[in-house]
Amino acid sequence: MTVTTAPTKTPPADPAALHEAVIAWFEEHARDLPWRRPEAGAWGVMVSEFMLQQTPVNRVLPVYAQWLERWPTPAALALEAPGEAVRAWGRLGYPRRALRLHAAAVAIHERHGGQVPRRHEHLLALPGIGEYTAAAVASFAYGQRHPVLDTNVRRVFARAVTGTQYPPSATTAAERRTARELLPQDEARAAHWAAATMELGALVCKSATPVCAACPIAASCAWRLAGSPAHTGPPRRTQTYAGTDRQVRGRLLAALRDSPTPLPQSTLDKTWHDPVQRARALDTLVADGLVEPLTNGVYRLPQTREPGTTEAPPQ
DNA sequence: AATCCGTGGTC
DNA sequence: TGACCAAGGAT
(Lines give C-alpha, C1' and ligand atoms only; values in the text may rest on other atoms or scores of the structure.)
Protein backbone atom coordinates (compact mmCIF):
# COMPACT_ATOMS: atom_id res chain seq x y z
CA MET A 1 0.00 0.00 0.00
CA THR A 2 1.07 3.55 -0.63
CA VAL A 3 1.11 6.37 1.79
CA THR A 4 0.02 9.39 -0.14
CA THR A 5 0.02 11.85 2.70
CA ALA A 6 2.67 12.12 5.37
CA PRO A 7 1.02 12.35 8.74
CA THR A 8 3.95 12.68 11.05
CA LYS A 9 2.12 12.43 14.32
CA THR A 10 -0.87 10.82 15.84
CA PRO A 11 -3.91 12.73 14.61
CA PRO A 12 -4.95 15.04 17.43
CA ALA A 13 -8.27 14.45 19.04
CA ASP A 14 -11.11 16.64 17.89
CA PRO A 15 -9.95 20.16 18.77
CA ALA A 16 -13.39 21.28 19.86
CA ALA A 17 -13.55 18.36 22.29
CA LEU A 18 -10.12 19.26 23.65
CA HIS A 19 -11.16 22.86 24.12
CA GLU A 20 -14.30 21.88 25.92
CA ALA A 21 -12.59 19.41 28.24
CA VAL A 22 -9.72 21.70 29.23
CA ILE A 23 -11.83 24.83 29.63
CA ALA A 24 -14.43 22.96 31.70
CA TRP A 25 -11.63 21.63 33.90
CA PHE A 26 -10.24 25.15 34.25
CA GLU A 27 -13.57 26.61 35.33
CA GLU A 28 -13.72 23.99 38.04
CA HIS A 29 -10.11 24.03 39.25
CA ALA A 30 -8.55 27.40 38.42
CA ARG A 31 -6.72 29.05 41.29
CA ASP A 32 -8.05 32.37 42.50
CA LEU A 33 -4.96 34.42 41.72
CA PRO A 34 -5.01 38.19 42.23
CA TRP A 35 -3.91 39.03 38.70
CA ARG A 36 -6.87 37.05 37.36
CA ARG A 37 -9.36 39.24 39.14
CA PRO A 38 -11.03 42.00 37.12
CA GLU A 39 -9.66 44.74 39.37
CA ALA A 40 -6.10 43.76 38.49
CA GLY A 41 -6.37 45.53 35.16
CA ALA A 42 -3.82 45.41 32.40
CA TRP A 43 -1.11 46.84 34.63
CA GLY A 44 -1.68 44.17 37.24
CA VAL A 45 -1.51 41.49 34.57
CA MET A 46 1.67 42.96 33.18
CA VAL A 47 3.36 43.20 36.57
CA SER A 48 2.42 39.61 37.34
CA GLU A 49 3.82 38.40 34.03
CA PHE A 50 7.17 40.04 34.69
CA MET A 51 7.35 38.55 38.16
CA LEU A 52 6.27 35.12 36.99
CA GLN A 53 9.05 34.84 34.43
CA GLN A 54 10.97 31.92 35.92
CA THR A 55 9.62 32.49 39.43
CA PRO A 56 6.94 30.31 41.11
CA VAL A 57 3.50 31.71 41.88
CA ASN A 58 3.78 31.31 45.64
CA ARG A 59 6.86 33.46 45.83
CA VAL A 60 5.36 36.14 43.61
CA LEU A 61 2.13 36.62 45.56
CA PRO A 62 3.34 38.82 48.45
CA VAL A 63 5.66 40.93 46.31
CA TYR A 64 2.94 41.46 43.75
CA ALA A 65 0.54 42.77 46.39
CA GLN A 66 3.07 45.22 47.80
CA TRP A 67 4.10 46.34 44.35
CA LEU A 68 0.60 47.21 43.16
CA GLU A 69 -0.23 48.94 46.38
CA ARG A 70 2.83 51.14 46.02
CA TRP A 71 2.67 51.61 42.26
CA PRO A 72 -0.94 51.17 41.14
CA THR A 73 -0.25 52.60 37.69
CA PRO A 74 2.61 52.59 35.19
CA ALA A 75 3.01 56.33 35.75
CA ALA A 76 3.52 55.85 39.47
CA LEU A 77 6.38 53.46 38.85
CA ALA A 78 7.80 55.56 36.02
CA LEU A 79 8.26 58.50 38.39
CA GLU A 80 10.27 56.39 40.85
CA ALA A 81 14.00 55.83 40.84
CA PRO A 82 14.82 52.47 39.22
CA GLY A 83 16.67 51.44 42.36
CA GLU A 84 13.41 51.47 44.28
CA ALA A 85 12.02 48.93 41.84
CA VAL A 86 15.10 46.78 42.36
CA ARG A 87 14.69 47.07 46.13
CA ALA A 88 10.99 46.22 46.04
CA TRP A 89 11.75 43.25 43.84
CA GLY A 90 13.27 41.64 46.89
CA ARG A 91 14.41 38.07 46.44
CA LEU A 92 12.31 37.16 43.43
CA GLY A 93 15.50 36.58 41.46
CA TYR A 94 16.72 37.84 38.11
CA PRO A 95 16.60 41.47 39.27
CA ARG A 96 17.15 42.74 35.75
CA ARG A 97 13.44 42.06 35.39
CA ALA A 98 12.76 44.81 37.93
CA LEU A 99 14.83 47.22 35.91
CA ARG A 100 13.06 46.20 32.72
CA LEU A 101 9.65 46.56 34.34
CA HIS A 102 10.59 50.03 35.46
CA ALA A 103 11.84 50.90 31.98
CA ALA A 104 8.64 49.51 30.48
CA ALA A 105 6.62 51.74 32.82
CA VAL A 106 8.63 54.74 31.67
CA ALA A 107 7.99 53.82 28.04
CA ILE A 108 4.27 53.39 28.69
CA HIS A 109 4.21 56.72 30.45
CA GLU A 110 5.99 58.46 27.59
CA ARG A 111 4.71 56.65 24.52
CA HIS A 112 1.29 55.32 25.44
CA GLY A 113 -0.30 57.95 27.62
CA GLY A 114 0.17 55.83 30.70
CA GLN A 115 -2.01 53.00 29.37
CA VAL A 116 -0.64 49.49 28.88
CA PRO A 117 -0.80 49.11 25.09
CA ARG A 118 -3.31 46.69 23.62
CA ARG A 119 -1.47 45.82 20.45
CA HIS A 120 0.83 42.82 20.52
CA GLU A 121 3.32 44.71 18.40
CA HIS A 122 3.50 47.58 20.87
CA LEU A 123 3.76 45.26 23.85
CA LEU A 124 6.60 43.38 22.19
CA ALA A 125 8.50 46.64 21.76
CA LEU A 126 8.60 47.24 25.52
CA PRO A 127 11.71 46.27 27.47
CA GLY A 128 11.44 42.89 29.15
CA ILE A 129 8.53 41.77 26.99
CA GLY A 130 9.17 38.95 24.56
CA GLU A 131 6.96 36.71 22.51
CA TYR A 132 5.38 34.96 25.47
CA THR A 133 4.71 38.00 27.65
CA ALA A 134 3.28 40.06 24.80
CA ALA A 135 0.82 37.29 23.99
CA ALA A 136 0.00 36.75 27.65
CA VAL A 137 -0.80 40.40 28.36
CA ALA A 138 -2.82 40.78 25.15
CA SER A 139 -4.70 37.59 25.94
CA PHE A 140 -5.23 37.84 29.70
CA ALA A 141 -5.62 41.59 30.05
CA TYR A 142 -7.45 42.34 26.86
CA GLY A 143 -9.08 39.04 25.92
CA GLN A 144 -7.38 38.83 22.56
CA ARG A 145 -6.67 35.75 20.49
CA HIS A 146 -2.96 34.90 20.59
CA PRO A 147 -1.03 31.64 20.88
CA VAL A 148 0.44 31.71 24.38
CA LEU A 149 3.41 29.38 24.52
CA ASP A 150 4.95 29.22 27.95
CA THR A 151 6.75 26.28 29.49
CA ASN A 152 3.48 24.83 30.80
CA VAL A 153 1.66 24.97 27.49
CA ARG A 154 4.68 23.60 25.65
CA ARG A 155 4.77 20.63 28.00
CA VAL A 156 1.03 19.99 27.67
CA PHE A 157 1.28 20.04 23.90
CA ALA A 158 4.41 17.91 23.89
CA ARG A 159 2.55 15.21 25.76
CA ALA A 160 -1.05 15.52 24.64
CA VAL A 161 -0.33 16.22 20.97
CA THR A 162 3.19 15.14 20.10
CA GLY A 163 3.52 12.24 22.48
CA THR A 164 6.82 13.12 24.08
CA GLN A 165 7.58 13.57 27.75
CA TYR A 166 9.17 16.98 27.34
CA PRO A 167 9.16 19.75 24.75
CA PRO A 168 12.37 20.66 22.92
CA SER A 169 14.86 22.82 24.79
CA ALA A 170 14.06 25.84 22.64
CA THR A 171 10.70 26.71 21.14
CA THR A 172 10.40 25.41 17.59
CA ALA A 173 8.37 26.37 14.56
CA ALA A 174 6.48 23.11 14.93
CA GLU A 175 5.40 24.08 18.42
CA ARG A 176 4.20 27.45 17.23
CA ARG A 177 2.23 25.78 14.48
CA THR A 178 0.62 23.40 16.95
CA ALA A 179 -0.30 26.30 19.22
CA ARG A 180 -1.71 28.28 16.33
CA GLU A 181 -3.70 25.39 14.93
CA LEU A 182 -5.16 24.48 18.28
CA LEU A 183 -6.20 28.02 19.14
CA PRO A 184 -10.00 28.35 19.20
CA GLN A 185 -11.38 30.70 16.57
CA ASP A 186 -13.56 32.61 18.98
CA GLU A 187 -11.56 35.37 20.62
CA ALA A 188 -12.87 35.04 24.17
CA ARG A 189 -12.64 31.27 23.99
CA ALA A 190 -9.05 31.52 22.75
CA ALA A 191 -8.12 33.61 25.78
CA HIS A 192 -9.75 31.07 28.11
CA TRP A 193 -7.98 28.25 26.32
CA ALA A 194 -4.64 29.98 26.82
CA ALA A 195 -5.20 30.39 30.55
CA ALA A 196 -6.63 26.89 30.87
CA THR A 197 -3.75 25.10 29.15
CA MET A 198 -1.25 27.01 31.27
CA GLU A 199 -3.10 26.08 34.43
CA LEU A 200 -3.34 22.46 33.35
CA GLY A 201 0.41 22.36 32.89
CA ALA A 202 1.01 24.02 36.24
CA LEU A 203 -1.34 21.90 38.33
CA VAL A 204 -1.74 18.55 36.55
CA CYS A 205 0.60 18.03 33.62
CA LYS A 206 3.59 18.86 35.78
CA SER A 207 7.14 18.33 34.63
CA ALA A 208 8.46 15.70 37.00
CA THR A 209 5.28 14.30 38.53
CA PRO A 210 2.30 14.56 36.20
CA VAL A 211 -1.01 13.68 37.80
CA CYS A 212 -2.59 11.95 34.86
CA ALA A 213 -5.42 10.59 37.00
CA ALA A 214 -6.66 14.16 37.38
CA CYS A 215 -6.21 15.13 33.76
CA PRO A 216 -9.31 15.97 31.73
CA ILE A 217 -7.67 14.88 28.46
CA ALA A 218 -5.75 11.84 29.63
CA ALA A 219 -7.86 9.57 27.46
CA SER A 220 -6.65 11.26 24.29
CA CYS A 221 -3.12 12.11 25.43
CA ALA A 222 -0.63 10.96 22.81
CA TRP A 223 2.10 10.42 25.39
CA ARG A 224 -0.09 8.22 27.57
CA LEU A 225 -1.39 6.30 24.59
CA ALA A 226 2.23 5.61 23.66
CA GLY A 227 2.87 4.19 27.13
CA SER A 228 4.39 7.32 28.67
CA PRO A 229 7.83 6.76 27.12
CA ALA A 230 10.74 8.34 28.93
CA HIS A 231 12.61 11.22 27.42
CA THR A 232 15.12 10.22 24.76
CA GLY A 233 17.99 12.20 23.37
CA PRO A 234 20.53 14.43 25.02
CA PRO A 235 19.98 15.01 28.75
CA ARG A 236 18.38 18.30 29.57
CA ARG A 237 21.03 20.34 31.24
CA THR A 238 20.26 21.93 34.55
CA GLN A 239 22.14 25.06 35.42
CA THR A 240 24.44 25.23 38.36
CA TYR A 241 24.31 28.12 40.75
CA ALA A 242 26.67 27.63 43.67
CA GLY A 243 29.91 29.41 43.08
CA THR A 244 28.82 31.17 39.92
CA ASP A 245 28.88 34.87 39.18
CA ARG A 246 25.13 34.82 39.58
CA GLN A 247 25.50 33.87 43.21
CA VAL A 248 28.06 36.60 43.78
CA ARG A 249 25.85 39.16 42.09
CA GLY A 250 23.03 38.02 44.30
CA ARG A 251 25.14 38.55 47.42
CA LEU A 252 26.24 42.00 46.36
CA LEU A 253 22.79 43.14 45.38
CA ALA A 254 21.24 41.76 48.56
CA ALA A 255 23.65 43.85 50.61
CA LEU A 256 22.75 46.98 48.65
CA ARG A 257 19.03 46.23 48.79
CA ASP A 258 19.12 45.83 52.52
CA SER A 259 20.95 49.08 53.12
CA PRO A 260 19.09 52.40 53.11
CA THR A 261 22.36 54.18 52.42
CA PRO A 262 25.17 53.66 49.88
CA LEU A 263 27.75 51.06 50.82
CA PRO A 264 31.54 51.36 50.73
CA GLN A 265 33.66 48.83 48.90
CA SER A 266 34.87 47.42 52.21
CA THR A 267 31.36 46.32 53.12
CA LEU A 268 30.73 44.75 49.73
CA ASP A 269 34.03 42.90 50.05
CA LYS A 270 32.59 40.86 52.90
CA THR A 271 29.97 39.27 50.69
CA TRP A 272 32.40 37.03 48.77
CA HIS A 273 35.85 35.63 49.36
CA ASP A 274 37.31 35.69 45.85
CA PRO A 275 38.33 39.26 44.98
CA VAL A 276 38.60 38.57 41.26
CA GLN A 277 35.14 37.11 40.97
CA ARG A 278 33.78 39.76 43.30
CA ALA A 279 35.12 42.57 41.15
CA ARG A 280 33.82 40.95 37.99
CA ALA A 281 30.36 40.52 39.48
CA LEU A 282 30.26 44.13 40.63
CA ASP A 283 31.37 45.27 37.18
CA THR A 284 28.56 43.42 35.48
CA LEU A 285 26.02 44.74 37.96
CA VAL A 286 27.13 48.27 37.12
CA ALA A 287 27.10 47.47 33.41
CA ASP A 288 23.55 46.15 33.76
CA GLY A 289 22.46 49.32 35.53
CA LEU A 290 21.59 47.44 38.69
CA VAL A 291 24.25 49.21 40.72
CA GLU A 292 25.40 52.80 40.56
CA PRO A 293 29.02 53.64 41.44
CA LEU A 294 29.56 56.88 43.29
CA THR A 295 32.89 58.48 43.96
CA ASN A 296 35.40 57.08 46.46
CA GLY A 297 34.41 53.46 45.89
CA VAL A 298 30.89 53.82 47.21
CA TYR A 299 27.95 52.04 45.62
CA ARG A 300 24.18 52.22 45.72
CA LEU A 301 21.09 51.06 43.89
CA PRO A 302 20.52 53.22 40.80
CA GLN A 303 18.88 56.56 41.45
CA THR A 304 19.30 57.96 37.98
CA ARG A 305 17.21 57.12 34.94
CA GLU A 306 18.43 54.30 32.76
CA PRO A 307 20.27 55.46 29.65
CA GLY A 308 17.94 56.06 26.77
CA THR A 309 15.13 57.49 28.78
CA THR A 310 14.39 61.16 28.67
CA GLU A 311 15.14 63.30 31.66
CA ALA A 312 12.85 66.08 32.78
CA PRO A 313 14.27 67.41 36.05
CA PRO A 314 12.14 69.98 37.86
CA GLN A 315 14.17 73.11 38.38
C1' DA B 1 21.96 29.06 18.98
C1' DA B 2 24.06 28.75 23.23
C1' DT B 3 24.74 31.20 27.33
C1' DC B 4 23.83 34.24 30.86
C1' DC B 5 20.85 35.93 34.34
C1' DG B 6 18.62 34.54 41.04
C1' DT B 7 16.34 32.16 44.36
C1' DG B 8 14.31 28.75 47.07
C1' DG B 9 11.16 24.76 47.26
C1' DT B 10 10.56 19.80 46.23
C1' DC B 11 11.20 14.84 46.20
C1' DT C 1 21.21 15.55 49.43
C1' DG C 2 21.64 17.22 45.30
C1' DA C 3 19.43 17.42 40.93
C1' DC C 4 15.47 19.27 39.17
C1' DC C 5 12.34 22.85 38.54
C1' DA C 6 9.59 27.56 38.33
C1' DA C 7 3.94 32.00 33.61
C1' DG C 8 11.39 34.06 29.82
C1' DG C 9 14.22 37.71 27.79
C1' DA C 10 18.34 39.54 25.82
C1' DT C 11 22.38 38.95 23.40
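Ring orientation note: the planes of A:His19 and A:Trp193 are nearly perpendicular, at an angle over 60° on the 30°/60° scale.
Remark: aromatic rings of A:Trp89 and A:Trp67 are close, center separation under 6.0 Å.
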Note to self: Walk along nucleotides 1-11 of chain C from 5' to 3' and tag each nucleotide B, S or - by protein heavy-atom contact under 4.0 Å, base first, then sugar-phosphate.
What the structure shows: ---BSBBBBS-
Next item on the list: Applying side chain to side chain donor-acceptor pair (under 3.5 Å), run through A:Gln165 and A:Ser228 and close with a yes or a no.
Entry: CA-CA 7 Å; A:Gln165 187 178 20; A:Ser228 305; over 6 Å; no
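Against DNA chain C, the stretch residues 241-267 of chain A makes no heavy-atom approach under 4.0 Å.
Under the 4.5 Å side-chain criterion, counting only non-hydrogen atoms from C-beta, A:Glu27 is in contact with A:Ile23.
Protein chain A contacts DNA chain B from B:dT3 to B:dG8, reading 5' to 3' and using non-hydrogen atoms of the protein with a distance under 4.0 Å.
For the residue pair A:Gln53 and A:Tyr132, no side-chain donor N or O sits within less than 3.5 Å of a side-chain acceptor on the partner. A donor-acceptor contact closer than 3.5 angstrom links the side chains of A:Arg249 and A:Thr284.
Cation-pi geometry between A:Arg155 and A:Tyr166 is not satisfied (NZ or CZ under 6.0 Å from the ring centre, within 45° of the ring normal).
Nucleotides C:dA7 and C:dA3, compared at atom C1', are 22 Å apart to the nearest Å. For the P atoms, the distance from C:dT11 to B:dG6 is 14 Å, rounded to whole Å.
Partners of A:Trp223 according to the ring pair (Phe, Tyr, Trp, His ring centres under 6.0 Å) rule, which considers only residues two or more places apart in sequence or in another chain, do not exist here. Remark: A:Gln265 engages A:Asp269, A:Leu282, A:Tyr299 in a side chain to side chain contact (heavy atoms under 4.5 Å, CB included) (not counting sequence neighbours).
Within the structure, side-chain hydrogen bond (donor to acceptor under 3.5 Å, both in side chains) contacts touching residues 179-189 of chain A (residues at least two apart or in different chains) are A:Glu20-A:Arg189.
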